[in-house]
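Report on the following structure.
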Amino acid sequence: MVVSVRSWVANEGGKHLVLVLWLGANTWLFLRTFLLYSTGQQYYYLYKMLGLGLCISRASAAVLNLNCSVVLLPMCRSLLTYVRGTHTVSSRKTRRLLDKSKTFHVACGVAICIFSVVHVSAHLVNVVNFSVSYSDDFPALNVARYRGEVRHTLPGVTGVLLVLILFLMFTASSYCIRVSNYEIFWYTHNLFIVFYIILMAAHPPGCLRANQSSPEQQGEELEQSEDEERRCREEAHFQPHCPQTWLWVSGPLCLYCAERFYRYIRSSDPVTIVTVIRHPCNVIELRMLKRDFKARPGQYIVLNCPGVSSFENHPFTLTTCPTENKETFGIHLRVVGDWTERFTELLLPEQGIASEILPMVQQRRYPNNGWVGFRLRRLYFVWVCRELKSFYWFAELLCALHHKLWQENRPDYLNLRLYVSQTDKLQSMSEEKYRPLSSRLLVGRPRWKLLFDEIGKTNKHNRVGVFCCGPKSISRTLHRLCNSARYSGTTFEFNKESFS
């Protein structure tokens, strides 16, 4: 499929730019540190003893410092929400880029795992080189007490422990473990505190004081042999290398801890569940009430129920928001999985149960001046369900919206298409109040290419926003079609429901 440059830049340009900048920063930092330890005079004797192991260990440590300092920033969700809602961030591209913060967090996590293995492996090589290349001329430079001794040092032990912790965190972050047992993911991911402590441990000694020479001496040294050119003319002084990781990590770590404390304070007030409504196809509607809670359409909340799991949190998009006449807010959840099943069992016997909720984790506070002139001309609403009865929980709202648009003489504003993919025992929505929906009910799956062709022809030289909430298979199809060059002059901006 041919890709449209304009659509690709709109959908992929921002995240690929950030990716290139991130890769460039990592590459530059690795090469800069590698050359510093391989050619710097202050590390001449240590490099002679350890060779490339010194350069690789220190270069990988520099990359670790960078990624460990930024990996926590995408998880400061309240801060990102605030930045996203300020007047300075009025660009849709920037907002959509902030929605992909979780992807950047994963990328940094993968880089940390890779370079931690490289870092520890290089240090293990350094331990062997300290033994083989024992220096009789500079005893202060040695880690081994005599030639041939392989000495187990504290950095070596903590390095192996660091890799073990990362292995646990990385494996427990897989999708299958997070779905089957969220507590394992939660507990292992909180080992990041131990990981940061280990990362800030001391390292083997190095030559900190560079033996500087005058320009005249430098000119004479250029005429000498390579070994004599780099040899220190003064007596070498050695002392332990001061760890610098805390300089990189302390700021983001304190910020993240403050973020976690802020979220804990905000979620301390319990939520009262006012109404529980059971809809067809195992869909539960909850109407809740929380003191001083403010929300806007498009926001999601994170629901936590101590009666089910104290650590398991689940995000849900708000389906009803508080208004001047109504203080309650609501969500719809489908009973799929152990957590929703246990949560429903607690709800239905007692409808007055209290649970804990974390509000405004990512509140959409759009600045008014950034959307001046923005007007929605037409809305295509495509809904695909397996069974016909799955439409009923949302049917009344759609019918009410349809009647309202007809009364306002805007019948073409909403283009509604309902698809039933399962044809076994298919029935129609025969009720009179659902007549506007029954005439728009189709059997089978949407033909996305034809729909995009239709929208592209009627919206040439315009931007069309595509919003997807559904399985990954549909998301991948829509994403690919948005970047396609089939629709000349029309830019499709792909958006997917994100709980980052």
Side-chain angles (χ1 to χ4, degrees), residues 18-73 104 107-133 135 141 143 153-167 170 192 195-210 226 230 232 236 238-253:
V18 173
L19 178 62
V20 169
L21 294 176
W22 175 69
L23 290 175
N26 282 278
T27 304
W28 174 82
L29 196 58
F30 186 91
L31 294 177
R32 175 182 175 273
T33 309
F34 187 95
L35 294 176
L36 174 64
Y37 280 85
S38 62
T39 61
Q41 289 184 347
Q42 64 269 44
Y43 302 106
Y44 172 76
Y45 297 104
L46 195 59
Y47 176 72
K48 276 291 188 180
M49 175 181 288
L50 302 180
L52 292 178
L54 170 67
C55 306
I56 295 176
S57 64
R58 301 313 306 154
S60 58
V63 176
L64 279 175
N65 290 339
L66 173 63
N67 286 277
C68 289
S69 64
V70 299
V71 70
L72 293 176
L73 297 180
F104 184 70
C108 292
V110 172
I112 291 173
C113 292
I114 294 175
F115 283 97
S116 292
V117 173
V118 174
H119 179 72
V120 173
S121 301
H123 269 311
L124 293 177
V125 174
N126 290 339
V127 170
V128 176
N129 288 334
F130 270 122
S131 174
V132 175
S133 304
S135 177
L141 194 61
V143 172
T153 61
L154 179 61
V157 176
T158 56
V160 175
L161 183 60
L162 180 145
V163 173
L164 178 61
I165 291 175
L166 281 177
F167 175 77
F170 185 80
F192 78 95
F195 170 80
Y196 276 103
I197 295 175
I198 295 175
L199 194 66
M200 292 185 285
H203 287 83
C207 180
L208 293 181
R209 174 181 164 187
E226 181 180 355
R230 299 175 59 190
C232 295
F238 303 97
Q239 62 187 46
H241 190 286
C242 297
Q244 298 180 352
T245 302
W246 69 274
L247 294 174
W248 292 78
V249 172
S250 57
L253 187 60

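Small disclaimer: the values here were computed from a predicted structure and weren't measured.
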Which heavy-atom pair separates [X] from [Y] by the least distance, and what is that distance?
| X | Y | answer |
| --- | --- | --- |
| N67 | A111 | OD1-CB, 3.8 Å |
| F34 | I56 | CE1-CG1, 4.0 Å |
| C55 | Y37 | SG-C, 3.9 Å |
| A122 | G53 | CB-O, 3.7 Å |
| L29 | V63 | CD2-N, 4.2 Å |

To the closest 0.5 Å, what do you measure between [atom1] ([X]) and [atom2] ([Y])?
| X | Y | atom1 | atom2 | result |
| --- | --- | --- | --- | --- |
| F192 | L253 | CZ | CG | 6.5 Å |
| C108 | L66 | SG | CG | 7.5 Å |
| I114 | N26 | CD1 | CG | 10.5 Å |
| N65 | S60 | CG | OG | 9.5 Å |
| F115 | L166 | CZ | CG | 13.5 Å |

Check whether [X] reaches the backbone of [Y] with its side chain - one donor and one acceptor, N or O, closer than 3.5 Å.
| X | Y | value |
| --- | --- | --- |
| S116 | C113 | no |
| Y196 | C68 | yes |
| T39 | L36 | no |
| H119 | S57 | yes |

> Should F104 and L73 be marked as a side-chain contact (heavy atoms from CB on, under 4.5 Å) after you check the CA-CA gap, both sets of side-chain angles, and the distance that decides it?
Replying inline: CA-CA 10 Å; F104 184 70; L73 297 180; over 6 Å; no
